[in-house]
Amino acid sequence: MIESHELKNRDRYLKKLIGFQDTEPVKVITGIRRCGKSSLLKLMIQHLRETGIGQEQIVEMNFESHDFRSMTSDEVYHYVKERAVPGKRMYLFFDELQRIDAWEDAVNSFRVDLDCDIYITGSNAYLLSSEYSTYLSGRCVEIKMLPLSFREFLDFHNFEVRETISALGGTHRQVFDKNGERYDLREVFDAYMRFGGMPGIADIGLDQEKALSLLEGIYSTVVVRDILEREKRRGQRQITDSALLRKIVLFLADNIGSSVSVSSIGNTLMNEGLLEDGKRRGTPSTHTVQAYIAALLESYFFYEIKRFDIKGKEYLRTLGKYYIVDIGLRNFLLGFRNRDSGHAIENVVYFELLRRGYDVAIGKIDNQEVDFIATTADDKLYIQVTESMQSEDVRKRELAPLQKIRDNYEKIVLSLEPGLDVSYDGIKSLNLVDWLLDG
């Protein structure tokens, strides 16, 4: 078991932060609660100390801490100003700064009054809302943080992947824990699909009861602090019904990767009798449901993905889909059963593509769908995700939309059972677990 004080690497994010070190933009790290933002700040501080920056040049404030959480914006400013070392650059680290009203004023003042490099974390997209952007006139860079990838999960849980030569001369991957115990790679992937990628689970070990308790704490904190409390602070009264919020969360979690009509959610909840135990009378309006979903997106609990017409080269206004930020949270909400595993692995692929820096959309070509179009400035991938490519019918279904696409960008089918063929007319068939490890 990993000791809770031990800092594990999150190299992908740390490299980005180091790349922006000593540049003018405020570095803003966003992501769902408990995905590792505070630890990333500590890793950055560790990097500064290792590269010769004195401790006196570093100011850390965590606004979840009792010491700081009731401060005003002016008090934050004075606290930092008193600690500024004349003639030296200061490195300012503010964790969960959105809890302080008018925090933008303090940050803007630091930029004007001090020679400083500023790092902020926040668990809500409200942090980067229009009011904030106006204050900083676009002088900020966002580092979007997610729970652990499968590779990070292996590292955090002290697993090591080793390649061995198989009897037929190919390579075979096996996993060993720190005691030298050997596991099948698929076995460890199944654990990832069960427990998810919240870093805190590495502190308690792969114990279902403890994991559920930890995930429940994360869910409650997101709902109470980032959604219900924030609404009060913003003076809004739209999201007040925690029971309805939970029903919508359960509905979206149960329908990841499926087309969802916001207007029909209220009716569905009503028709299935899911609102009867609440105090609500009648069907919630589309406007209300939309506000609740917007709050869940703002708190990074769910992510929305749009449709893109491959032939018409435009985004469509038709139904989007939602994916949940962590598959462990979905299991906490819906129970650990082998439900809908096709959509669950799709969920994992979607977030892996985001980690790798792609913009991701659903592809539409004629009346067929490509699970993901992943684009960067100079690259594009078309990806289908399925559990198995062993059956002829499934192969036809998964390959058909990709075969219609007439450009030369890479086309891939990812599955847990790719079969013997590695390619179909130039379309690659890859093992999903290997793809996750190789990225």
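All values derive from a computational prediction rather than experimental measurement. All values below come from the heavy atoms of this structure, side chains included, with hydrogens, waters and symmetry mates left out.
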* Asked: Do Y300 and N124 get their side chains close enough for a donor-acceptor pair, meaning under 3.5 Å?
  -> no

* Assess the side chains of E387 and S341: does a donor N or O sit below 3.5 Å from an acceptor N or O? => yes

* To do: Indicate yes or no: at least one non-hydrogen side-chain atom of H172 is less than 4.5 angstrom from one of I165.
  => no

* To do: Would you check if T376 and D359 make a side-chain contact, meaning some heavy-atom pair closer than 4.5 Å?
  => no

* To do: Report yes if the distance between the aromatic ring centroids of F351 and Y303 is under 6.0 Å, otherwise no.
  => yes

* More than 12 heavy atoms of other groups within 6.0 Å of H287 NE2 -> no

* Structure fact -> Contacts of F176 meeting ring pair (Phe, Tyr, Trp, His ring centres under 6.0 Å) (sequence neighbours excluded), chain-then-number -> none

* Does any pair with a residue in residues 140-153 pass salt bridge (charged side-chain N to carboxylate O under 4.0 Å, His left out), and if so which ones, sequence neighbours excluded? -> R10-E152

* Asked: Without hydrogens or angle criteria, can the side chains of E96 and Q98 be said to hold a donor-acceptor pair below 3.5 Å?
  -> yes

* To do: Compare all side-chain heavy atoms of F150 with those of E352 and state whether any distance is below 4.5 angstrom.
  => no

* State, with a plain yes or no, whether a side-chain heavy atom of I383 is found less than 4.5 Å away from one of V370. => no

* To do: Under the side chain to side chain donor-acceptor pair (under 3.5 Å) rule, what do Y119 and D117 come out as? Steps first, then yes or no, please.
  => CA-CA 7 Å; Y119 300 80; D117 197 17; 2.6 Å; yes

* **Under the ring pair (Phe, Tyr, Trp, His ring centres under 6.0 Å) test, residues paired with Y77 that sit two or more places apart** => F110

* Asked: Do the side-chain N and O atoms of S73 and D105 include a donor-acceptor pair separated by under 3.5 angstrom?
  -> no

* Do other residues, nucleotides or ligands put more than 12 heavy atoms under 6.0 Å from the CG atom of N408? -> no

* Other residues, nucleotides, ligands: >12 heavy atoms within 6.0 Å of Y219 OH -> yes

* cation_pi(R83, Y79) dist<6.0 Å, angle<=45 -> yes

* **Beyond-backbone contact of L212 with F195, side-chain heavy atoms, under 4.5 angstrom** => no

